[in-house]
Amino acid sequence: FEMAKKGYRTLNVDKLPAAGYGSTGSTCAIIRTHYSTWDGTAVAYESYRHWDDWPNYLQASDERGHARLERTGMIIIKSEAQDFKKHLALHDDLAIPYEEWDAATLEANVPFFDVTAYYPPKRPGDDKFGEQTASEVPGAIFMPCAGYVNDPQLASHNLQRAAEAKGATFLFNHAVVGIQRNGNRVRGVTLEGGRTIEAPIVVNVAGPHSSIVNRMAGVDDDMSVTTRALRHEVHYLPFPEGYDPQKYGRFTSDDDVGGYSRPEVGGMLLVGSQDPSCDPLEWIDDPDDFNREVTDEQWKAQVYRMALRVPSLAI
């Protein structure tokens, strides 16, 4: 979409049948501004404003309607795991709003939270799981410019229609099997079946397949930043009973218990892991062949840890 706006003639090749049909459709779709670099923080804040004004940013209609940003704000529970001074300095420099809360303010704003400290996170099989390490967490940071996109696949379709309105074209159900080069310059792609498409610029936006595309291009050996697919589970539970998700639903990042949560459409609570050191990482060699089912052990780890923070969580 952005390249088409700048006058490039773009062709978007996708092995799947629709935009956002792969990992994008399964994303937690979280929008936040706290990143570790000035540039990353700046582009995240700019992107938040685009999501917040999505139809006007797209400048195009979509027969399916538009996705929307659910503005929940973000709560970051303070713990020993992170030094937030850098994040807050970047927010100050870029004039991005935030508030610092003590534990009492956190409890007042989210009354179903237990503010006991448990750091470092542990798995349920650990004998010390659930043992408090302090009477309360050091506090929290609230960032109002945060939330989640209610339908990431619809958002992808919105971008497809917006890009098409600027002259972009899309080729679905076609897999790229080779990157054509002339010396150190790219010159196009080869599709399954042998068709070659010439192009002076090839942009790799293949998500979990990006490392495979980099290998096709022969550029993975000398890259300073590489990619690799990592399997992640998220779990869904009823929102704490008696509390309105519209009033109390916040995206929460909680390194004290090693998890994150956000409200989900349908009155649910989405729960995930922030990859604490106690959780094994499951790297995926083939993004088309991996376990797509919920596993009992990881479900217990993520849900039980979140229940330490939300004791009324219905399991």
Side-chain angles (χ1 to χ4, degrees), residues 19-20 22-37 39-54 57 66-79 81-82 84 87-88 90-91 94 96-99 106 109-110 113 121 140-159 205 207-208 227 229-237 239 245-246 248-276 279 298 302-303 305-306 309-310 313:
S23 60
T24 298
S26 300
T27 178
C28 290
I30 288 168
I31 308 300
R32 58 186 175 93
T33 58
H34 78 290
Y35 286 87
S36 58
T37 65
D39 301 277
T41 305
V43 76
Y45 189 35
E46 178 184 357
S47 297
Y48 170 82
R49 294 183 176 196
H50 290 326
W51 286 114
D52 200 34
D53 194 26
W54 191 234
Y57 167 67
H66 286 124
R68 69 178 183 273
L69 172 68
E70 301 289 352
R71 305 176 191 86
T72 66
M74 178 180 186
I75 295 171
I76 304 174
I77 307 293
K78 291 183 178 180
S79 76
Q82 291 197 42
F84 294 101
H87 290 298
L88 299 187
L90 292 171
H91 278 62
L94 291 161
I96 305 174
Y98 66 87
E99 301 171 11
L106 171 63
N109 280 285
V110 192
F113 272 7
I141 300 165
F142 176 68
M143 296 183 172
C145 298
Y148 69 97
V149 177
N150 71 319
D151 188 334
Q153 189 175 0
L154 177 59
S156 301
H157 192 267
N158 293 163
L159 284 165
V205 285
T227 63
L230 177 65
R231 181 184 179 276
H232 258 203
E233 291 186 23
V234 293
H235 305 120
Y236 299 88
L237 300 127
F239 201 81
Q246 293 296 319
Y248 294 107
R250 298 285 185 268
F251 164 41
T252 303
S253 171
D254 191 346
D255 278 317
D256 183 77
V257 297
Y260 67 89
S261 64
R262 68 158 175 80
E264 176 61 289
V265 291
M268 302 295 284
L269 187 72
L270 180 153
V271 175
S273 170
Q274 297 203 163
D275 295 334
D279 280 4
Q298 192 60 24
Q302 294 178 190
V303 171
R305 284 198 298 251
M306 191 55 59
R309 185 66 63 224
V310 186
L313 194 64

task = Identify, with sequence neighbours excluded, every residue that meets ring pair (Phe, Tyr, Trp, His ring centres under 6.0 Å) alongside Y98.
result = none
key: By ring pair (Phe, Tyr, Trp, His ring centres under 6.0 Å) - contacts of Y57 (at least two apart)   = F1, H50, W54
Sequence neighbours left out, cut at 3.5 Å: what donor-acceptor pairs do the side chains of residues 71-78 make with other protein atoms?
residue : atom : partner : partner atom : Å
R71     : NE   : D52     : OD1          : 2.2
R71     : NH2  : D52     : OD1          : 2.8
T72     : OG1  : F251    : N            : 3.4
K78     : NZ   : E100    : OE1          : 2.7

query = How long is the span from the CG atom in N158 to the CG atom in D151, to the nearest 0.5 Å?
reply = 8.5 Å
key: Y260 six-ring centre to R262 NZ/CZ under 6.0 Å and within 45° of normal   = no
Side chains of I141 and M143 in contact at under 4.5 Å (non-hydrogen atoms) = yes
remark   = Residues at least two apart in sequence or cross-chain that pass side-chain hydrogen bond (donor to acceptor under 3.5 Å, both in side chains) with D275, listed by chain then number, are H232
Please set out all donor-acceptor pairs under 3.5 angstrom arising from side-chain atoms of residues 28-37, sequence neighbours excluded.
residue : atom : partner : partner atom : Å
R32     : NH1  : H34     : O            : 2.6
T33     : OG1  : H91     : NE2          : 2.9
T37     : OG1  : G40     : N            : 2.9

task = Using the test side chain to side chain contact (heavy atoms under 4.5 Å, CB included), find all partners of S156 that sit at least two apart in sequence or belong to another chain.
result = A19, T24
message = Suppose we screen for salt bridge (Lys or Arg N to Asp or Glu O under 4.0 Å). Which residues come up paired with D255, at least two apart in sequence or across chains?
response = none
ask   = Mind checking whether Y48 and L69 have side chains closer than 4.5 Å, heavy atoms only?
value = yes
Non-hydrogen atoms of R305 and V257 that approach each other most closely = CD-O, 2.8 Å
remark   = Across all chains, not counting sequence neighbours, the salt bridge (Lys or Arg N to Asp or Glu O under 4.0 Å) partners of R250 are none
remark   = Scanning both residues in full, the closest heavy-atom pair of C145 with Y45 reads SG-CE1, 3.9 Å
query = Which atom names give the shortest non-hydrogen contact between V234 and G272, and what distance separates them?
reply = CG1-CA, 4.4 Å
task = Take Q82 and H87 through the side chain to side chain contact (heavy atoms under 4.5 Å, CB included) test and state the conclusion after the steps.
result = CA-CA 10 Å; Q82 291 197 42; H87 290 298; 3.8 Å; yes
task = Mind listing the closest non-hydrogen atom pair of P144 and P97 along with its distance?
result = CD-O, 3.4 Å
query = Sub-3.5 Å donor-acceptor pair from the side chain of D53 to the main-chain atoms of R49, do we have one?
reply = no
task = Kindly write out the residues that satisfy side-chain hydrogen bond (donor to acceptor under 3.5 Å, both in side chains) with S253, not counting sequence neighbours, or none if the list is empty.
result = Q274
task = Please identify each residue that fulfils ring pair (Phe, Tyr, Trp, His ring centres under 6.0 Å) with F142, with sequence neighbours left out.
result = W101
request  = Take L269 and Y236 through the side chain to side chain contact (heavy atoms under 4.5 Å, CB included) test and state the conclusion after the steps.
outcome  = CA-CA 6 Å; L269 187 72; Y236 299 88; over 6 Å; no
ask   = What closest approach, in Å, do P276 and G258 show between heavy atoms, and which atom pair accounts for it?
value = CD-O, 3.6 Å
note = Residue set satisfying ring pair (Phe, Tyr, Trp, His ring centres under 6.0 Å) with F239, at least two apart, ordered chain then number -> F112
inquiry  = Could you work out, with salt bridge (Lys or Arg N to Asp or Glu O under 4.0 Å) as the rule, every residue matching R68, not counting sequence neighbours?
reply    = E70
message = Walk me through whether D279 and Q302 qualify under side-chain hydrogen bond (donor to acceptor under 3.5 Å, both in side chains).
response = CA-CA 10 Å; D279 280 4; Q302 294 178 190; over 6 Å; no
